[in-house]
Amino acid sequence: MHQCYYCEQLFESKEQLYDHVEVHSDIERNKEIMERKKKAGKK
């Protein structure tokens, strides 16, 4: 068993885990981009 360190969901294989973790990394990246846009808009 492999566990996602973001949400603690369990997966049978490393491949499934890696596919899942990509979802989190995309969300985190999008949050950063949105924060930068908000900061740039306030200036």
Side-chain angles (χ1 to χ4, degrees):
M1 292 297 265
H2 302 279
Q3 190 172 26
C4 172
Y5 46 86
Y6 288 103
C7 67
E8 300 182 356
Q9 193 172 335
L10 294 170
F11 295 92
E12 293 293 323
S13 70
K14 280 187 179 181
E15 287 80 14
Q16 286 175 321
L17 175 63
Y18 291 145
D19 287 345
H20 170 77
V21 168
E22 284 180 16
V23 172
H24 287 297
S25 64
D26 286 348
I27 290 168
E28 289 301 313
R29 200 175 306 125
N30 288 341
K31 278 185 191 173
E32 281 183 31
I33 291 167
M34 290 304 292
E35 288 298 315
R36 286 185 198 144
K37 283 184 181 176
K38 284 181 187 174
K39 286 178 184 174
K42 287 181 181 176
K43 288 181 181 175

Acceptor/donor pairs from residues 23-36 side chains to any protein atom, 3.5 angstrom cut, sequence neighbours excluded:
from  : atom 1 : to    : atom 2 : distance (Å)
His24 : NE2    : His20 : NE2    : 3.1
Ser25 : OG     : Glu22 : O      : 2.9
Asp26 : OD1    : Arg29 : NH1    : 3.1
Asn30 : ND2    : Asp26 : O      : 3.4
Glu32 : OE1    : Arg36 : NH2    : 3.4

What side-chain donor-acceptor pairs closer than 3.5 Å can you find for residues 2-12, not counting sequence neighbours?
from : atom 1 : to   : atom 2 : distance (Å)
Gln3 : NE2    : Glu8 : O      : 3.2

Cluster companions of Tyr18 among Ile, Leu, Val, Met, Phe, Trp, Tyr (side-chain spacing under 4.5 Å):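 Noted: Tyr18 shares its cluster with no other residue.
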